[in-house]
Engineer: 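Have a look at this one before I ask anything.
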Amino acid sequence: MKAHRLVLGPLAENGYLVETPQGAVLIDPGDEPERILALLAQRGLAPKAILLTHAHFDHVGAVAPLVAAYGLPVFLHPLDLPLYERAAEAAQAWGFAIPKPPLPVEPLAEGMELFGFKVLHLPGHSPGHVAFWDPIGQRVFSGDLLFRGSIGRYDLPGSEREALFASLKRLLSLPPETQVLPGHGPPTTLALEARTNPFLTGLEWEA
């Protein structure tokens with residue numbers, strides 16, 4: 001799979017265009033739909049679907065115009081549907097504006113396989129947060145669970161510290177060489193984070 005990263009919007013969210021064996025998909029198209037559409041045109045691609053790691057407003061801001069342009073299905077874990085439905089209002093509360101993301105959505109579930117990814121339900125940052133793991137390419141799109149040198153927030157509505165650290169433990173059980181493509185910031189690897197991330201070092205990860 002070939003992944004193209006776009007840093008989008010005022011919160012510098014990472015949206016990804018991923019060329020999979022089953023066609024191109026968009027992961028977390030958070031803002032600036034015109035840039036996403038330009039990249040698709042440049043690559044000569046028509047996307048097959050939008051895959052969302054979670055439904056915070058900075059990850060769904062471009063969903064509506066992209067669905068309007070391509071008639072795409074949107075995949076989201078059902079536990080994040082309330083966040084998705086209120087995303088425009090949440091953005092307004094933070095002083096931003098996004099178009100209301102459209103319904104319906106297709107449900108994601110733990111263990112589901114689609115477009116070459118395995119879905120991992122990894123709550124904590126939000127109730128329905130997932131990661132998309134590419135076991136062949138040894139990479140994981142981690143959303144806002146794990147960043148280079150940091151981890152996702154757990155002080156937001158619907159977030160939970162204990163669940164987040166349980167999800168981090170599970171993520172760290174993937175092969176150490178797995179590349180992490182996060183929702184914000186530069187890519188990293190699980191091995192590097194296990195060794196250097198100040199939120200993870202010193203923790204006991206063994207069962």
Side-chain angles (χ1 to χ4, degrees), residues 1-5 13-30 36 45-64 66-67 70-87 101-147 151-152 158-160 162-183 187 190:
M1 297 185 192
K2 188 175 182 64
H4 310 269
R5 176 170 69 114
E13 183 267 346
N14 291 333
Y16 297 93
L17 167 61
V18 186
E19 300 178 39
T20 82
Q22 289 80 42
V25 298
L26 297 165
I27 297 178
D28 290 356
I36 300 170
L45 297 170
K48 301 286 189 182
I50 293 172
L51 310 182
L52 298 176
T53 62
H54 64 297
H56 286 152
F57 71 85
D58 57 321
H59 288 251
V60 304
V63 170
L66 290 168
V67 169
Y70 288 102
L72 301 172
V74 179
F75 289 84
L76 175 73
H77 194 285
L79 290 178
D80 258 28
L81 187 56
L83 290 173
Y84 183 82
E85 293 175 329
R86 297 195 304 267
L103 294 168
V105 296
E106 300 296 324
L108 294 172
E110 168 67 32
M112 179 185 288
E113 296 184 6
L114 73 169
F115 296 102
F117 296 114
K118 185 172 182 179
V119 177
L120 306 177
H121 179 212
L122 298 172
H125 182 66
S126 71
H129 192 289
V130 305
F132 299 107
W133 180 37
D134 169 18
I136 295 176
Q138 295 280 282
R139 71 178 74 180
V140 64
F141 294 83
S142 66
D144 285 4
L145 175 61
L146 177 66
F147 310 117
I151 59 174
S159 64
E160 184 186 348
E162 292 77 13
L164 185 106
F165 275 91
S167 292
L168 286 164
K169 179 177 180 178
R170 184 171 177 221
L171 189 66
L172 268 288
S173 72
L174 297 179
E177 63 272 17
T178 299
Q179 184 184 33
V180 178
L181 298 174
L190 292 180

Engineer: Does Arg5 have any side chain to side chain donor-acceptor pair (under 3.5 Å) partners at least two apart in sequence or in another chain, and if so, which?
Structural biologist: Asn14
Engineer: If we ignore hydrogens and angles and just use 3.5 Å, is the side chain of Ser167 paired with the main-chain N or O of Gly124 as donor and acceptor?
Structural biologist: no
Engineer: What I'd like to find out is whether the side chain of Leu17 reaches to under 4.5 Å of the side chain of Ile36, using heavy atoms alone.
Structural biologist: no
Engineer: Throw together a table of side-chain donor-acceptor distances under 3.5 angstrom for residues 109-118, partners on residues two or more places apart or in other chains.
Structural biologist:
residue	atom	partner	partner atom	Å
Glu110	OE1	His121	N	2.7
Glu110	OE1	Arg170	NH1	3.0
Glu110	OE2	Arg170	NH2	2.6

Engineer: Checking Phe147 now: which residues fulfil ring-ring contact (aromatic ring centres under 6.0 Å, His included) with it, not counting sequence neighbours?
Structural biologist: His184
Engineer: Restricting to non-hydrogen atoms, name the atom on Pro47 and the atom on Leu72 that form the minimum distance, rounded to 0.1 Å.
Structural biologist: O-CD2, 3.0 Å
Engineer: Supply the atom-to-atom distance Leu168 CG to Leu172 CG, rounded to the nearest 0.5 angstrom.
Structural biologist: 7.0 Å
Engineer: Any side-chain heavy-atom pair from Tyr84 and Leu103 closer than 4.5 angstrom?
Structural biologist: yes
Engineer: Can Val140 and Leu181 be said to form a side chain to side chain contact (heavy atoms under 4.5 Å, CB included), step by step?
Structural biologist: CA-CA 6 Å; Val140 64; Leu181 298 174; over 6 Å; no
Engineer: Taking atom CZ of Phe141 and atom CG of Leu120, what is their separation to the nearest 0.5 Å?
Structural biologist: 13.0 Å
Engineer: Does any part of the side chain of Pro73, heavy atoms only, come nearer than 4.5 Å to the side chain of Lys48, both counted from C-beta?
Structural biologist: no
Engineer: Quick one: side chains of residues 127-136, donor-acceptor pairs under 3.5 Å with protein atoms, not counting sequence neighbours, listed by atom name and distance.
Structural biologist:
residue	atom	partner	partner atom	Å
His129	NE2	Asp144	N	3.0
Asp134	OD1	Ile136	N	3.2
Asp134	OD1	Gly137	N	3.0
Asp134	OD2	Gly137	N	3.3

Engineer: Of all heavy-atom pairs between Ser142 and Pro182, which one has the smallest distance, and what is that distance?
Structural biologist: OG-CA, 3.4 Å
Engineer: Which pair of non-hydrogen atoms, one from Leu146 and one from Val180, has the smallest distance, and what is that distance?
Structural biologist: O-CG1, 4.1 Å
Engineer: State which residue, out of Val25, Leu66, Val105, Ile27, fulfils the side-chain contact (heavy atoms from CB on, under 4.5 Å) condition with Ile50.
Structural biologist: Leu66
Engineer: Side chains of His125 and His56 only: does a donor on one sit below 3.5 Å from an acceptor on the other?
Structural biologist: yes
Engineer: For the backbone of Val60 and the side chain of Asp28, can you confirm whether one donor and one acceptor N or O come within less than 3.5 Å of each other?
Structural biologist: no
Engineer: CZ/Arg86 to CG/Leu81 distance, rounded to the nearest 0.5 angstrom?
Structural biologist: 9.5 Å
Engineer: How far does CG of Leu174 sit from CZ of Arg139, to the nearest 0.5 angstrom?
Structural biologist: 14.0 Å
Engineer: In the structure I gave you, are the side-chain heavy atoms of Leu145 and Thr53 within less than 4.5 Å of one another anywhere?
Structural biologist: no
Engineer: Without swapping roles, check the side chain of Asp80 against the backbone of Ala55 for a donor-acceptor pair under 3.5 Å.
Structural biologist: yes
Engineer: Could you note down all residue pairs passing side chain to side chain donor-acceptor pair (under 3.5 Å) where residues 171-182 supplies at least one of them, sequence neighbours left out?
Structural biologist: none
Engineer: Output all residues satisfying salt bridge (Lys or Arg N to Asp or Glu O under 4.0 Å) with Glu19, sequence neighbours left out; order by chain, then residue number.
Structural biologist: Arg43
Engineer: Nearest 0.5 Å, please: how far is CZ in Phe165 from CG in Leu171?
Structural biologist: 13.0 Å
Engineer: Please name the pair of heavy atoms, one in Ser126 and one in Leu83, separated by the smallest distance, quoted to 0.1 Å.
Structural biologist: CB-CD1, 3.8 Å
Engineer: Could you state the interatomic distance from CG (Leu26) to CG (Leu51), rounded to the nearest 0.5 Å?
Structural biologist: 8.5 Å
Engineer: Under a 4.5 Å cut-off applied to non-hydrogen side-chain atoms, are Pro123 and Glu160 in contact?
Structural biologist: no
Engineer: Start with the C-alpha distance between His59 and His54, add both sets of side-chain angles, then the distance that settles side chain to side chain contact (heavy atoms under 4.5 Å, CB included), and finish with yes or no.
Structural biologist: CA-CA 7 Å; His59 288 251; His54 64 297; 3.3 Å; yes
